[in-house]
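Order of listing sets the numbers, starting from 1, for every ligand and every atom in it. FYI, side chains are in, hydrogens and waters are out, and symmetry mates aren't considered; it's all heavy atoms of this structure. One-based numbering along the sequence shown.
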Amino acid sequence: MTSVLVVGGAGYIGSHMVRMLGQEGFEVTVLDNLSRGHRDAVQSAEFVRGDLLNPSELKALFQRKRFQAVLHFAALCYVGESVTAPREYFRNNLVGSLNLVDAMLDAGIRQLIFSSTCATYGNPVTIPLTEEHSQFPINPYGRSKLMIEQFLADYGVAYGMRSILLRYFNAAGCDPQGGLGERHEPETHLVPLILREARRVRDGGDPAETELTLFGNDFPTPDGSCIRDYIHVHDLCSAHLAALLRLSEVGEGGVEAFNLGNGQGFSVLEVISAARRLTGMDIRYRIGPRRAGDPAQLVGSAVKARRVLGWEPRFHRLEEILETAWRWHGSAPPESNMEIV
Ligand code: UDP
């Protein structure tokens, strides 16, 4: 049985990955500091509470267990927060990743799947973005991830580290089988916030007192709101499985990058409209200023992932993605009961 370590496996995407790996017969260990994740989201793996900023914990784990590969999801990932708290972003994301990869090398582990982001590209020059597009991130979150990509390339040359960089577009949706969802605290992501508003209205809240804000309606897009490429979390995870297989087949050190997106963009207003249709709720919004660090448009080409990894996303339509999310958000316990452990 192949043994893998999932760092950040108690988070949104990580916990979905852990479930899928378990179903595929992997022996899974999760390392998570629970700063943003949830202990109860890890149901079918050994759980180790530990922090990437504490190298001695990493060393002890790698001495105790042998892993063929590491999947690294642990990161702070809010664009807006990264602008006001860059120190936290560089420390957690960059220093944490350096500690992890150094500990892996010390333990002789050379296979890594790294959760990177389309935020490494910055403002697109051409759409859809391909992996060859220039990378000039416009916020500290994107910069922290790009620096990790860069040091991984150098580690590939010098130490034979084999890394697959998966550049996610906007992860959305919840496990189609139920039981796992998207829980961030504070929640800043668009889809959960829209569905939280739908739920508030469904439960008797006054639509006019909406808690949803549209961050900017003056972007250079057809309706003035930002355009993003929403990709189902299940599809993101299936790409990781394909990437794991590729890592085990490719012999030499180096990095390979793949975009994971649907290749189709939806504006914030289009997502709100789709959620209105799906839930039947009167979802309203206030118009607020732009959020710092937001590019107008991010839409990716995943042609390479399909060609090289043989990746076949299952959820192509925004409605399907929202539907799985609504199943979770429409029925999850109220916020006050969603304790963060
Ligand atoms: N957004 C918004 N209101 C919100 C949250 C997000 O208008 O309450 C917008 C945000 O400005 C961006 C898009 O929705 O254009 C997606 O944001 P999200 O935080 O979900 O993902 P990101 O693109 O930052 O990774």
Side-chain angles (χ1 to χ4, degrees), residues 11-13 36 73 75-86 89 93 115-124 127-129 137-146 166-174 181-201 209-233 236 259-262 264-276 283-300 318 321-322 325-326 329 335:
Y12 166 46
I13 305 172
R36 302 259 159 124
F73 294 87
L76 298 178
C77 63
Y78 298 155
V79 168
E81 183 184 64
S82 79
V83 176
T84 52
Y89 275 69
N93 296 0
S115 301
S116 190
T117 167
C118 59
T120 59
Y121 292 117
N123 281 318
I127 292 271
L129 291 147
I138 63 166
N139 52 60
Y141 166 60
R143 277 189 280 276
S144 72
K145 290 278 184 170
L146 179 58
L166 297 178
R167 297 186 186 137
Y168 306 165
F169 284 71
N170 285 60
C174 299
E182 181 169 8
R183 280 191 273 168
H184 298 109
E185 202 50 56
E187 187 55 79
T188 68
H189 289 115
L190 181 67
V191 169
L193 287 174
I194 292 175
L195 296 178
R196 187 184 281 186
E197 177 59 18
R199 183 183 163 134
R200 193 187 66 78
V201 173
E209 286 169 17
T210 181
E211 292 170 1
L212 185 65
T213 303
L214 170 66
F215 295 145
N217 65 347
D218 57 352
F219 285 93
T221 59
D223 66 19
S225 67
C226 282
I227 293 177
R228 295 287 181 273
D229 180 344
Y230 294 88
I231 176 84
H232 197 283
V233 64
L236 281 183
N259 285 340
L260 299 181
N262 257 322
Q264 213 188 339
F266 294 95
S267 72
V268 176
L269 291 176
E270 285 172 331
V271 180
I272 294 173
S273 298
R276 278 191 192 128
I283 304 168
R284 301 191 199 171
Y285 56 89
R286 293 173 215 283
I287 296 170
R290 291 186 184 192
R291 189 175 65 178
D294 267 345
Q297 194 170 165
L298 288 170
V299 180
L318 179 64
I321 297 176
L322 290 179
W326 179 233
H329 289 285
E335 233 43 55

Listed partners of Phe73 passing ring pair (Phe, Tyr, Trp, His ring centres under 6.0 Å), at least two apart: His240
Show the numbers, then the answer: is there a side chain to side chain contact (heavy atoms under 4.5 Å, CB included) between Arg290 and Phe219? CA-CA 9 Å; Arg290 291 186 184 192; Phe219 285 93; 3.5 Å; yes
List the residues meeting salt bridge (charged side-chain N to carboxylate O under 4.0 Å, His left out) with Asp223, not counting sequence neighbours, and say none if there are none. none
For Arg276, salt bridge (charged side-chain N to carboxylate O under 4.0 Å, His left out) partners two or more places apart: none
Please report the C-alpha distance between His189 and Tyr12 in whole Å, then the side-chain angles of each, then the deciding distance to 0.1 Å, and finally whether the ring pair (Phe, Tyr, Trp, His ring centres under 6.0 Å) criterion is met. CA-CA 12 Å; His189 289 115; Tyr12 166 46; 7.6 Å; no
Who's touching ligand 1 if we go heavy atoms under 4.0 Å? Val79, Asn170, Thr188, His189, Leu190, Leu193, Thr213, Leu214, Phe215, Cys226, Arg228, Tyr230, Val268, Arg291, Asp294
Counting only N and O atoms by type, is there a donor-acceptor contact under 3.5 Å from the side chain of Asp229 to the main-chain atoms of Asn262? yes
